[in-house]
Amino acid sequence: MIGWIIGLAIVGLAAAILIRRARDFVRTKGMSACENCPYSGQGCSGHCRKKKNK
């Protein structure tokens, strides 16, 4: 019984994280991914606001 409760809590937390990230992605029109992009500021070929202008 306790195992089920722990499992449901983990699944609930994972769902909350996914929903929050999907909401941020939609609100920023995909630009929220740039926060974690290893290429932002370097050789990014996308239209990223974090890209440094050279």
Side-chain angles (χ1 to χ4, degrees):
M1 182 70 169
I2 293 177
W4 279 96
I5 294 171
I6 293 171
L8 287 174
I10 291 171
V11 169
L13 287 172
I17 291 169
L18 288 175
I19 290 169
R20 186 182 67 211
R21 292 201 180 236
R23 185 191 66 211
D24 291 344
F25 185 82
V26 170
R27 282 185 179 174
T28 61
K29 298 179 182 167
M31 299 305 282
S32 63
C34 291
E35 293 175 8
N36 300 316
C37 178
Y39 300 109
S40 65
Q42 296 176 14
C44 179
S45 61
H47 302 292
C48 183
R49 289 184 296 228
K50 292 192 177 251
K51 183 171 74 170
K52 293 180 184 174
N53 295 326
K54 292 184 180 181

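All heavy atoms count here, side chains included; hydrogens, waters and symmetry mates do not.
L8 shares a hydrophobic cluster with no other residue; no ILVMFWY side chain has heavy atoms under 4.5 Å from its own.
Linking Ile, Leu, Val, Met, Phe, Trp and Tyr whenever their side-chain heavy atoms come within less than 4.5 Å leaves I2 and V11 in two separate clusters.
Evaluation of the side-chain contact (heavy atoms from CB on, under 4.5 Å) rule for I19 yields no partner, not counting sequence neighbours.
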